[in-house]
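Please read the structure below before turning to the comments.
Reminder, nothing fancy here: chain letters follow the sequence lines and each chain counts from 1.
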There are 2 protein chains.
Amino acid sequence: MSGKSEGGTIDRRAARTRKALHEGLLRLVTRKGYEAITVQDLIEEADVGRSTFYAHYTGKEDLLRSGFAMLRAELSATEADGQAGDEPLRFSRAMFDHAGRYADVFRAMTGSRGSLVALEEIRRALSEIVRRELPKGGKDEGLPREVYVQFTVGTLLTLLTWWLEKKPGLKPAQVDAMFRRLVLQGIGDGAERR
Amino acid sequence: MSGKSEGGTIDRRAARTRKALHEGLLRLVTRKGYEAITVQDLIEEADVGRSTFYAHYTGKEDLLRSGFAMLRAELSATEADGQAGDEPLRFSRAMFDHAGRYADVFRAMTGSRGSLVALEEIRRALSEIVRRELPKGGKDEGLPREVYVQFTVGTLLTLLTWWLEKKPGLKPAQVDAMFRRLVLQGIGDGAERR
DNA sequence: TCCGATTGTGAACAGGCTGTGCGGGACGCG
DNA sequence: CGCGTCCCGCACAGCCTGTTCACAATCGGA
């Protein structure tokens, strides 16, 4: 009715539908876990027709990936400022802060009722960041660089999971400190080295 | 209910059925991935009646857990010889050897078409072992012991996944060496020794 | 502003999988 | 050898999936 002709290439109806589906997915995930969600639930929660859903996404996994794509776009937009630090692994603190705010979603995604796809997406996003920020200094490192990247990401996820699952009381800064210590020194007693 | 003659032995027919289902699951997992498997597939592959399946397990996840329980029992049986030796993380080499032999199953279980439940079971089994074998020496470790455990397990899984997924050509001993280096020293400037 | 073309939308449909119930038959145990 | 336990085939309702189709809302040009 009212002509609010604006916006970009996407039809307003389509935009509205996608937004409703993404928001509905988030609500449902925290309510019953990703695995248990059906397309049926999604279209009821978002109040859209069945064929409408399939016109936009091939299934719930596609919707999930789409959500992560949007999230990654946002992240890389707000990440440009984090420069000027000589300290290695500077990004980790921001990660723990961010994860702490979305703790319930994260738990629902990565818990036993979550999704391997979600975990994979998270791992991929983190890998991109780490690949960029990991100190490249190591000239004669004995291990392939990608191993260092995966190791760092793995440790980040380990700490993240342990934190949100077992010790939600800790503050991001505390977990971040543990993360740095582990990544930089391993379990070796850092006292005698260096 | 109890079809077992008190003493732990199971009726041969029941044992045969369960064996057929477990073997069928393994075949199917490597053929089409865990996620895509239906109960329908399982009973056809194992040539078992529908109601028979549900008489033994509540679903495919239950069957999977049961399989891991058996595996863990076997492992802890063949593990008794591990000396409380001098070298820390003595178990890791055996783990990489073992995983290398079941590479295809492992990939099918933990790949994107795998199962979070399987990953969780693997993590749990590894955690038990690491909890037992991790040097408790820590005098004034600033971190909770469980964090060291999870960190070690996480790194093990990271290396395992990277190895089987990206560099299947490497030998277990090589991957094990990387694992030890990372766990003991992290990415810290351990590069200076060489 | 109006109209045709485009595109999103909702209802309905066929097919597949699930989990359960039941009677009859086979096998193992004592 | 008899009894009890377990397996099997079949059937059923219920739910979810992925697609089809007619219709209505929106967009773009005149």
Side-chain angles (χ1 to χ4, degrees), chain A residues 1-25 27-29 31-67 70 113-117, chain B residues 1-25 27-29 31-66 70 113-115 117:
Chain A
M1 200 160 273
S2 60
K4 37 188 171 170
S5 68
E6 208 255 341
T9 57
I10 301 186
D11 196 314
R12 280 194 301 251
R13 292 169 297 173
R16 192 198 69 84
T17 297
R18 297 192 185 196
K19 184 153 173 276
L21 284 172
H22 278 125
E23 292 174 352
L25 174 61
R27 279 195 300 271
L28 285 174
V29 156
R31 192 186 308 157
K32 56 191 293 190
Y34 176 80
E35 195 189 59
I37 296 177
T38 68
V39 174
Q40 197 73 19
D41 297 329
L42 283 167
I43 65 181
E44 285 170 13
E45 178 72 23
D47 195 33
V48 300
R50 185 159 200 75
S51 63
T52 304
F53 178 90
Y54 284 105
H56 289 278
Y57 307 100
T58 65
K60 67 170 181 170
E61 183 180 317
D62 192 29
L63 175 61
L64 181 69
R65 285 194 200 278
S66 157
M70 288 173 51
R113 290 317 185 199
S115 157
L116 262 178
V117 173
Chain B
M1 196 153 67
S2 59
K4 353 178 174 212
S5 44
E6 301 297 332
T9 318
I10 300 182
D11 191 298
R12 279 180 204 153
R13 289 168 292 178
R16 194 198 70 83
T17 297
R18 297 190 184 197
K19 184 154 173 276
L21 284 172
H22 279 125
E23 291 174 354
L25 175 61
R27 279 194 300 270
L28 285 174
V29 156
R31 192 186 310 157
K32 57 190 291 188
Y34 175 80
E35 197 190 56
I37 296 176
T38 68
V39 173
Q40 199 73 19
D41 297 329
L42 283 167
I43 65 181
E44 284 169 14
E45 177 72 23
D47 195 30
V48 162
R50 183 161 198 75
S51 43
T52 304
F53 177 90
Y54 284 104
H56 288 277
Y57 305 101
T58 66
K60 69 170 179 169
E61 182 180 317
D62 192 29
L63 175 61
L64 181 69
R65 284 194 200 276
S66 157
M70 287 171 51
R113 289 316 182 197
S115 157
V117 173

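Comment: B/R31 engages B/E45 in a salt bridge, judged by a side-chain N to carboxylate O separation of less than 4.0 angstrom.
Shown here is B/R16, whose CZ atom has no more than 12 heavy atoms of other residues, nucleotides or ligands within 6.0 Å.
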Evaluate side-chain contact (heavy atoms from CB on, under 4.5 Å) for A/R50 paired with A/V39, printing each intermediate quantity in order.
-> CA-CA 8 Å; A/R50 185 159 200 75; A/V39 174; 4.1 Å; yes

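For C/dT9, neither phosphate oxygen OP1 nor OP2 lies less than 4.0 angstrom from any side-chain nitrogen or oxygen of A/R18. Using a 4.0 Å cut-off, no side-chain N or O of A/S51 falls inside it from OP1 or OP2 of C/dT9. Contact annotation: B/R50 side-chain N/O to C/dT18 OP1/OP2 distance is under 4.0 Å. Close to D/dG18, at under 4.0 Å from its OP1 or OP2, lies a side-chain N or O of A/Y54.
Closest approach of A/A46 and A/L21 over heavy atoms only: CB-CD2, 3.7 Å.
Computed from coordinates, the A/D41 CG to D/dT17 P distance equals 8 Å when rounded to whole Å. D/dT17 atom P lies 14 Å from atom CG of A/D62, rounded to whole Å. Put simply, CD1 on B/I43 is 14 Å from P on C/dT20, counting in whole angstrom units. Atom pair B/Y57:OH and C/dG19:P shows a separation of 16 Å (rounding to whole Å applied). Atom-to-atom, NZ of B/K60 to P of C/dT18 comes out at 8 Å; the value is rounded to the nearest Å. The CG-P distance, from A/L42 to D/dC16, rounds to 12 Å in whole Å. Across the protein-nucleic acid pair, A/L21 atom CG and C/dT9 atom P stand 9 Å apart, rounded to whole Å. Nucleotide D/dC8 holds its P atom 7 Å from the CG atom of B/D47, rounded to whole Å.
The shortest distance between side-chain heavy atoms of B/E61 and B/S115 does not fall below 4.5 Å.
Remark on DNA chain D: of its neighbouring residues B/H56 and A/T58, the 5'-side contact belongs to B/H56, judged by nearest-heavy-atom nucleotide.
Minimum atom distance to the side chain of A/Q40 is reached by D/dC16, of the listed C/dC17, D/dC16, D/dC7. Of the candidate nucleotides D/dT17, C/dG8, D/dC8, C/dG8 has the atom nearest to the side chain of A/T17.
Nucleic acid contact class of B/T52 (heavy atoms, under 4.0 Å, all strands): base.
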